[in-house]
Amino acid sequence: MDTGFIDHGKIYDCLKNTAAPELSELKEILEHARGLKGISFEEAERLLMVEDRDHLELVFETANFVKEEIYGKRLVLFAPLYVSNMCKNECLYCAFKRSNTMIPRRTLTQAEIKREVEALVSQGHKRVLLVSGEGLGRSALDFTLETINTIYSVKVGKGEIRRINVNIAALEVEDFKRLKDAKIGTYQLFQETYHYDTYKKMHEAGPKSDYLYHLTAMDRAMEAGIDDVGVGILFGLEDYRFEIMAMLQHIRHLEERFGFGVHTISVPRIEPATGSDLSLNPPYPVDDLAFKKILAVLRITVPYTGMILSTRENAQMRKEALSMGISQISAGSRTNPGGYSEDRSLEQFSLGDHRSLDEVIKDIASMGYVPSFCTGCYRLGRTGADFMDLAKPGLIKHYCLPNALTTFAEYLVNYGSAETQIEGWKLIEKMVSDIPGDDIKQKTRENLELAKKGVTDLYV
Ligand code: SAM
Ligand code: SF4
């Protein structure tokens, strides 16, 4: 069994021999975390062992502190765009698996994709996550590249999609280069489980069943020059502590090899999926408390890595997760190809949050969070190591909050319902005074005035 850079023996030792810290040690680790430079992976392993409710509260408070200090109140929004549910893999947890006859199979045409994107842009979305099964054989990448072109070409009024993140099967370096040339944002691929035997059990057939090929996908993506990559774990397949320790090994490996780590971490929990018995009874279900611990430990350990929560979580958990360090969420999502412009049946898995984008935004704003549609960094070339250089000294706040406010204003002017506008402008007024630095504050006020007059795509 070749597990590459994931040292299973070391993780087993760690699970056996690591104890939760005593209160005094815990406080030391959390004090370290408040320095905003991350904590050692050994410290993270100790935190993963904490079970005591009072001690967990301290971990949550610290995660909240780190999140507020680095990201402030901004929250990036996106919509997943499912373009095909054809798949030759046999991932036991997924409705798209090859053997599932309970869902109709479909790959959208470019005209249908255009309609989907028009529906998203008309709601106010600026970022999409392009998602597809692995069913299109040799022409799959050509289809993806054509799809990216189609998405970028759609204009509705003053709106368009400005960043496309991509969640598709692992590729070879040459193909990753083509994907990079198509101007994608982040390339995302979830390992699902880092545990070799569990991985083999969960992925019965198809190219994805090759553990090592899947594990090394990010190496190939980064070799190809894609410097924003996003990893993820599907929680419920294995002991979450094993998974986090392994994911930290993955991140360390990429940091050592390329000089910078991953751009985002996604944290899906298994949801019931049509035709998947496993999804109804996952072997290691993660309860809400453990899930919050996972989020908090990740926020504290890798504070500059974005964390993405999907619509799979219900509104209450999303609320709690925001305080724990989530920096991006999907909103108004559909997980079936055609779901935005057509009907909503037969989704990939059941969604926990059925609210529209506008409802999610109103709710977020009333909680004091600023919904952001900003794509400035990526378009100014602030990606990979450059993004980390910017992020590490705490500058995210200086750029991101002003840009979040102007893109939010753009949303309100063009798409916001009357109620959301009231909530939104109240929040913008309050937040603009919190911008550090007079120059940027002044520039933001100017941009807000321009946004009110209908000027779009403003960023610093
Ligand atoms: N086919 C590509 C792949 O597997 O990497 C990308 C698309 S796949 C639909 C995207 C993600 O959906 C998977 O990585 C998996 O984590 C997630 N997923 C699959 N079944 C799920 C379920 N029942 N509940 C929650 N997430 C699920
Ligand atoms: Fe196919 Fe991805 Fe679903 Fe696996 S998770 S069956 S590869 S769509």
Side-chain angles (χ1 to χ4, degrees), residues 67-68 70-79 120-128 156-163 165 185 306 308-309 311 315 318-319 322-323 326-333 353 355-380 382 395-437 440-460:
K67 142 110 192 181
E68 293 284 322
I70 294 175
Y71 297 87
K73 287 290 188 194
R74 111 209 200 283
L75 185 65
V76 170
L77 295 180
F78 70 95
L120 287 171
V121 171
S122 304
Q123 289 174 35
H125 276 292
K126 296 285 181 275
R127 285 175 178 244
V128 296
V156 183
K158 289 180 178 168
E160 75 269 294
I161 296 299
R162 297 175 187 160
R163 178 173 174 128
N165 297 334
I308 305 177
L309 192 73
T311 226
R318 283 170 29 140
K319 237 176 221 176
L322 296 190
S323 71
I326 289 295
S327 54
Q328 295 189 26
I329 60 167
S330 55
S333 306
D353 187 339
R355 298 171 304 164
S356 69
L357 174 64
D358 195 69
E359 283 172 305
V360 172
I361 286 185
K362 186 166 57 129
D363 191 34
I364 287 170
S366 68
M367 285 156 55
Y369 288 96
V370 181
S372 175
F373 294 93
C374 180
T375 50
C377 276
Y378 150 71
R379 284 149 82 223
L380 289 169
R382 295 193 295 241
L395 283 175
I396 288 187
K397 263 182 161 176
H398 290 250
Y399 288 93
C400 297
L401 180 60
N403 289 343
L405 290 172
T406 29
T407 55
F408 184 31
E410 184 182 329
Y411 172 84
L412 291 174
V413 170
N414 294 294
Y415 310 99
S417 66
E419 281 178 44
T420 304
Q421 295 220 22
I422 294 171
E423 208 60 67
W425 287 115
K426 217 166 50 189
L427 180 66
I428 289 176
E429 285 310 319
K430 182 176 161 294
M431 296 304 289
V432 85
S433 53
D434 287 355
I435 293 176
I440 297 196
K441 196 183 298 198
Q442 182 54 29
K443 179 78 191 147
T444 308
R445 286 197 195 284
E446 286 165 23
N447 278 348
L448 285 170
E449 285 311 310
L450 290 171
K452 277 184 193 163
K453 290 185 185 129
V455 180
T456 57
D457 205 10
L458 299 153
Y459 51 88
V460 291

If you define the side chain from C-beta out and look only at heavy atoms, does anything of [X] sit under 4.5 Å from [Y]?
X	Y	value
Ile329	Leu322	yes
Pro371	Leu75	no
Asp358	Tyr415	no
Asn403	Asn447	no
Arg163	Lys126	no

Closest non-hydrogen atom pair, [X] against [Y]:
X	Y	result
Tyr411	Gln123	CE1-O, 3.3 Å
Pro402	Thr444	CB-OG1, 3.2 Å
Ile440	Ile435	CG2-CG2, 3.9 Å
Ala409	Leu448	CB-CD2, 3.6 Å
Thr407	Cys374	OG1-N, 3.6 Å
Arg74	Ala404	CB-CB, 4.0 Å

* **Residues in salt bridge (Lys or Arg N to Asp or Glu O under 4.0 Å) contact with Lys67, at least two apart in sequence or another chain** =>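 Lys67: no salt bridge (Lys or Arg N to Asp or Glu O under 4.0 Å) contacts found.
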
Can you check whether [Y]'s main-chain N or O pairs, donor with acceptor, with [X]'s side chain at less than 3.5 Å?
X	Y	answer
Thr420	Gly416	no
Lys158	Gly454	yes
Gln328	Val76	no
Lys441	Ser433	yes

* Asked: Could you walk me through whether Arg162 and Glu410 pass the salt bridge (Lys or Arg N to Asp or Glu O under 4.0 Å) check?
  -> CA-CA 14 Å; Arg162 297 175 187 160; Glu410 184 182 329; 2.8 Å; yes

* May I ask you to check whether Ser356 and Glu359 show a side-chain donor-acceptor distance below 3.5 Å? =>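 Present: a donor and an acceptor within the cut-off.
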
* To do: Would you please name every residue forming a ring-ring contact (aromatic ring centres under 6.0 Å, His included) with Tyr369, sequence neighbours left out?
  =>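 Partners of Tyr369 by the ring-ring contact (aromatic ring centres under 6.0 Å, His included) criterion come out as none, since no residue qualifies.
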
* **Lys430, NZ: over 12 other non-hydrogen atoms inside 6.0 angstrom** =>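 Count not over threshold, so no.
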
* What do you reckon, are the aromatic ring centroids of Phe408 and Phe373 less than 6.0 Å apart? ->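 Centroid separation for Phe408 and Phe373: 6.0 Å or greater.
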
* Going by an N to O cut-off under 4.0 Å, is there a salt bridge joining Lys362 and Glu419? ->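 Looking at Glu419 together with Lys362, the answer is yes, because their closest N to O distance falls below 4.0 Å.
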
* Report the residue from Ile161, Leu77, Leu120, Asn165 that forms a side-chain contact (heavy atoms from CB on, under 4.5 Å) with Arg127. =>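 That would be Asn165.
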
